[in-house]
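Notes to accompany the following structure.
Quick note: numbers below take in every heavy atom, side chains included, and nothing from hydrogens, waters or symmetry partners.
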Amino acid sequence: TVTVVWRQGDQFLSVTQQRGGPRPAHPPLARPFEDLAGSLWWTDEAGSHLVLSHGDFWMQIETSLSARDLRRFADTLAEY
């Protein structure tokens, strides 16, 4: 498992990648991003969250940035 975290004031971004295992925990109301297979995203009081399947890996993104920014991160990571 690898985690990278960025913080600046009240803003943050955390990206975690893990190999294999079950899909990371997510709320029942999480929904896929349109046109992004293997994704689930949701927002709550802590921020925006994404779980993304990428081959044998799971990627999790948590951020205080907007859902639009979360999608931009997801689109970028899906290519790698």
Side-chain angles (χ1 to χ4, degrees):
T1 301
V2 175
T3 301
V4 177
V5 178
W6 167 84
R7 289 192 180 275
Q8 184 173 356
D10 292 342
Q11 295 185 332
F12 71 92
L13 171 67
S14 171
V15 179
T16 301
Q17 177 179 296
Q18 71 182 46
R19 174 172 273 175
R23 181 188 299 259
H26 59 280
L29 296 178
R31 57 195 183 276
F33 266 129
E34 187 176 325
D35 300 327
L36 189 56
S39 68
L40 287 175
W41 78 281
W42 67 97
T43 59
D44 60 20
E45 58 279 345
S48 299
H49 308 267
L50 171 72
V51 173
L52 177 64
S53 170
H54 194 306
D56 292 340
F57 294 91
W58 290 107
M59 300 190 81
Q60 299 176 72
I61 301 174
E62 298 178 344
T63 184
S64 59
L65 304 174
S66 69
R68 183 176 137 259
D69 290 330
L70 183 65
R71 176 60 196 239
R72 289 177 32 204
F73 288 118
D75 288 342
T76 300
L77 292 172
E79 294 184 24
Y80 295 99

query: Can Leu50 be reached from Val5 by stepping across I, L, V, M, F, W or Y side chains whose heavy atoms are under 4.5 Å apart?
result: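 The answer is no; the residues belong to distinct hydrophobic clusters.
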
- request: Give the cluster check for Trp41 versus Met59: same hydrophobic cluster or not, with ILVMFWY residues linked at side-chain heavy-atom distances below 4.5 Å.
  value: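 Looking at the clustering, Met59 is in the same group as Trp41.
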
Does some side-chain heavy atom of [Y] sit less than 4.5 Å from a side-chain heavy atom of [X]?
X     : Y     : result
Ser48 : Leu65 : no
Leu70 : Phe33 : yes
Leu36 : Arg71 : yes

How many angstroms lie between [atom1] in [X] and [atom2] in [Y], if you round to the nearest 0.5 Å?
X     : Y     : atom1 : atom2 : result
Gln60 : Leu40 : CD    : CG    : 11.0 Å
Ile61 : Gln17 : CD1   : CD    : 11.0 Å
Phe57 : Thr1  : CZ    : OG1   : 10.0 Å

message: I'd like to know if the side chain of Ser64 reaches the main chain of Phe12, judged simply by a donor and an acceptor atom lying under 3.5 Å from each other, with no hydrogens or angles considered.
response: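 Yes, because the side chain of Ser64 sits within donor-acceptor range (under 3.5 Å) of the backbone of Phe12.
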
- request: Considering non-hydrogen atoms only, spot the tightest contact between Ala74 and Leu52 and give its length.
  value: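 Between these two residues, the closest heavy atoms are O-CD2, 4.3 Å.
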
- request: Please report the shortest heavy-atom distance between Ala46 and His49, naming the atom on each side.
  value: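 In terms of heavy atoms, the two residues are closest at CB-NE2, 4.4 Å.
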
SB check Arg72 Asp69 (cutoff 4.0 Å):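 Yes, this pair counts.
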
- request: May I ask you to check whether over 12 heavy atoms, not counting those of Asp44, lie within 6.0 Å of atom CG?
  value: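 Yes, CG of Asp44 has more than 12 neighbouring heavy atoms, counting only those of other groups under 6.0 Å.
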
- prompt: What residues, two or more places apart in sequence or in another chain, satisfy salt bridge (charged side-chain N to carboxylate O under 4.0 Å, His left out) together with Arg23?
  reply: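 Expected list: none.
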
message: What verdict does the side chain to side chain contact (heavy atoms under 4.5 Å, CB included) test give for Val15 and Phe73, after you've listed the backbone C-alpha separation in whole Å, the side-chain angles of each residue and the deciding distance to 0.1 Å?
response: CA-CA 10 Å; Val15 179; Phe73 288 118; over 6 Å; no

- prompt: Going by side-chain heavy atoms closer than 4.5 Å, which hydrophobic residues are tied to Trp58, directly or by a chain of links?
  reply: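 Traced through the cluster, Trp58 reaches Trp42, Val51.
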
